[in-house]
Number of protein chains: 4
Amino acid sequence: MKDVQIEMDDRGVYLQKVGIKELVRPIILKGRDGEMHSVAKIGFNVSLEKEKRAIHMSRLIEILDHWDTVISYESIQSILNEIKIRMESNQANLLLSFMYFLSKTSPVSNKTSLLHYQCKIDASDKDDFVYLTVEVPITSVCPCSKSISDYGAHNQRGVVTVTVRTNDMSSIEDIIHRVEAVGSMELYSLLKRVDEKYVTEVAYDNPKFVEDIARDVAIQLQKDQKYQWYQMEVENYESIHNHNAYVCTGSE
Amino acid sequence: MKDVQIEMDDRGVYLQKVGIKELVRPIILKGRDGEMHSVAKIGFNVSLEKEKRAIHMSRLIEILDHWDTVISYESIQSILNEIKIRMESNQANLLLSFMYFLSKTSPVSNKTSLLHYQCKIDASDKDDFVYLTVEVPITSVCPCSKSISDYGAHNQRGVVTVTVRTNDMSSIEDIIHRVEAVGSMELYSLLKRVDEKYVTEVAYDNPKFVEDIARDVAIQLQKDQKYQWYQMEVENYESIHNHNAYVCTGSE
Amino acid sequence: MKDVQIEMDDRGVYLQKVGIKELVRPIILKGRDGEMHSVAKIGFNVSLEKEKRAIHMSRLIEILDHWDTVISYESIQSILNEIKIRMESNQANLLLSFMYFLSKTSPVSNKTSLLHYQCKIDASDKDDFVYLTVEVPITSVCPCSKSISDYGAHNQRGVVTVTVRTNDMSSIEDIIHRVEAVGSMELYSLLKRVDEKYVTEVAYDNPKFVEDIARDVAIQLQKDQKYQWYQMEVENYESIHNHNAYVCTGSE
Amino acid sequence: MKDVQIEMDDRGVYLQKVGIKELVRPIILKGRDGEMHSVAKIGFNVSLEKEKRAIHMSRLIEILDHWDTVISYESIQSILNEIKIRMESNQANLLLSFMYFLSKTSPVSNKTSLLHYQCKIDASDKDDFVYLTVEVPITSVCPCSKSISDYGAHNQRGVVTVTVRTNDMSSIEDIIHRVEAVGSMELYSLLKRVDEKYVTEVAYDNPKFVEDIARDVAIQLQKDQKYQWYQMEVENYESIHNHNAYVCTGSE
């Protein structure tokens, strides 16, 4: 049976990433609370030399199917190296997009409940790190509104999206803690009335512009040597507008 | 050239809606401020008798291409009747999903700016009305949080989605006004500092649960004979949670 | 501490569903291949009598947190009854939206790989069934294109979305099998070259309009007494257009 | 009334982009066929010096409200310069995401119909160009499937997303034409039977892997001096899989 993919190509165009996108698979993550099951949307790519016409995409699936799907820097490097050899490629790349869960205890009643965080891993075999992205939802209270109003202050949910270079999956929880420490207040799934009073007052005592949150996250990240490189977005779903307040900044 | 679509079908299955989806076209709307240009995602369907194998879908496109795209009850009925005749169908259906724009004046500084509202029209030739859906964003301040806290109150953007039966496109603006009247406060794109103080204080003076907003919207709609039938959803993007508060209710 | 939620309400508006939306949690499903971990987007609602101002939403979270999250008709009824009693409500409703995974064997090389299917459960304590929705992707080859062309035929991925009333979660796999039996061909994640030749030829031998697929799915469902009620959508991502071909029909 | 935004900031963190996101406005584009109305999702940002606490976001809205919204390189530079001066910022950035429409004539019956293309403009006052992104849908026929099968070949819709640096909005249509020239076949909204036969046969005569399309697009872009820098993604919605084939590559 003819193998069209292995034909020679004379167009002279090197392709950086060739592969698959939007495959969905169950994965296992290891957190502070132990093993955690989640579901990942997966992209899996290799580079293609300019002399070769196409890759054999079914091999990407075969290798994913034999992966233990326990997500760690080592397991990702291992699958990237395997696919590079199997595809005779110069470079390999894996993207995982998934929900992470963290058990949180409410501040006064001490009730425990899960909170969910969208995460992304972008890994290349060329790097000794992965790009890890964590979306951390927070409360933001507007300092201008508080300052000029006789009472009240508009506030809203915001999302801080941080990308760092790391080779340690425990950075997910570390980033969550650093970001949650610098919103006007952190979020919980379960709040009893005593907790709701507490989070309302703490947030009001702690008003922050989208710019303040971005800067305080930057300082949190700069505290640790390992986050020398970062990118971040802060997006507040303004409760007084039908558009969002936004910051995008980073170390480069 | 063979016409496979007109073959006889002996499976005995009548199809309620057959057509196209996700076509995108510029449209023209008429509002209080005059003509307005927008873009609609379009679905266009006819019923198919059980004896006929398939419809000629290209005719749906041809008729859309000759439409003046000025959205009114009459123009929609006209295109539905045309397609019914052209397709020898029993029933025809048009769906339009588009952004509506309204010029709003800020409450103190009197600055004017556009606000955008997602809308949907679901029309059948069998009805003497269309199902009109309007999404109206509002501010909601939590009465519990205000009541139990020494200061502050969590608040957030919410979206009220109202569906009514109407044959008058001015119902879009009418529904917007009715919903905006009963949030803790309405939204604006442009607010100067004097306005921000005003909307913050009005909202704080006017705390409403997601349930309160739903009920006040229901009362607003019941005031007018023409909204005897309605469905609504209220969804608040809680600023203290990573999930939303929700009401879904209606006259049936 | 004041309890604003339990205040009397004199607006006279009964609310059908009040609760939470967009909470995300890990869940466990039981399939033919055994236990399966997935992640669900959750809605959880109760009705609210017209005399009561608001519900205590934190109770919804508390009950979800104590749920074993093993999805079955019985476990869903159990959580619905618990919340009804806890909230003194007339009616309770649970919505789950999640990815389901099925191990499939390629037709010639017998290679096994997972395929993913989007599912939804909409359950009310008032019913002795849930509304189960399964999205099944398939291949569709256009009979018109095949018939009029000297060679080739345009084909594309389509998605068949079936909703049935059932009290048995094994209906998920049953519906998948019924729908996959009547596309031009079923999909696989892993196909070697011998498989690709096979699926290409089977699909070409089996051209079907979006209307044909809808009717053949209807006949498949009508074969079984238990699917007396169904709704379905078929949507083909036409490879020759930038819009989709569409059918929406059902038993009512 | 206190102006909290103009307070001094001693955290020492420069912010690259501060502004608004997800504002929606009508816009006007100029194409080969004349003026075209569309709707844009807008982001509008300025940089913020490390000494200043926050920007006055309402000024971004005020300036957008006075914009004529006729999209050209000059009108974008003009609004960027205005906002830089007004905000005393070092840098300004505008993002526009919108649907573009092109009138296309079917290949045999010569019927004319609109096709829609998603576009994006990312502009900074520091550059003498904008980043223009155009998504062009195409048909792709699989060369492997054609080669190994006795008849038929799987094919599907694909989307080629090209980003270039340009200061000329006519590049939108130029890129559309270059990409449509190198798919297995281009798409149309309206195809009569004679056209469908034609596009089916042309596509079958012209099988291309996702890699082939990427390379042929690269060669098309390299033909013109003005596209010295480009990035592209090609994504095929495989009709035999529930995942997509993917290439991402570019000149850097």
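Because the structure is a prediction, the values reported are computed rather than measured. A, B, ... follow the sequence lines: proteins, then strands. Residue 1 opens every chain.
- Atom OH of A:Y198 has 12 or fewer heavy atoms from other residues, nucleotides or ligands within 6.0 Å.
- At a 4.5 Å heavy-atom cutoff, the contact between C:E22 and chain A is made by backbone atoms alone.
- Counting only heavy atoms from C-beta outward, the side chains of C:S113 and A:L64 never approach each other to under 4.5 Å.
- Both the backbone and the side chain of A:L190 come within less than 4.5 Å of a heavy atom in chain C.
- Remark: A:K120 NZ is loosely packed, at most 12 non-hydrogen atoms of other residues, nucleotides or ligands lying under 6.0 Å away.
- Heavy atoms of other residues, nucleotides or ligands lying less than 6.0 angstrom from NZ of C:K84 number more than 12.
- Counting heavy atoms of neighbouring residues, nucleotides and ligands inside a 6.0 Å radius, atom CD of C:E7 exceeds 12 of them.
- Contact tally against chain A (heavy-atom pairs below 4.5 Å) for C:I20, C:I27, C:L60, C:D3: the top residue is C:D3.
- Top candidate by heavy-atom pairs under 4.5 Å with chain A, chosen from C:L115, C:L191, C:L114, is C:L114.
- Here the straight-line distance linking atom NE2 of A:H37 with atom OG1 of C:T69 works out to 10.5 Å at 0.5 Å rounding.
- Proximity to chain A is limited to the side chain of C:H116, based on heavy atoms less than 4.5 angstrom apart.
- Residues C:V39 and A:F101 are in side-chain contact: their nearest non-hydrogen atoms beyond the backbone lie under 4.5 Å apart.
- Ranked by heavy-atom pairs under 4.5 Å with chain C, the list A:R25, A:M1, A:M57 is led by A:R25.
- The closest donor-acceptor contact from the side chain of C:R193 to the backbone of A:K2 lies under 3.5 Å.
- Heavy-atom pairs under 4.5 Å with chain A peak, among C:K111, C:M99, C:K192, C:H56, at C:K192.
- Of the atoms belonging to C:D195, not a single heavy atom falls under 4.5 Å from chain A.
- Both the backbone and the side chain of A:L23 come within contact range of chain C, judged by heavy atoms closer than 4.5 Å.
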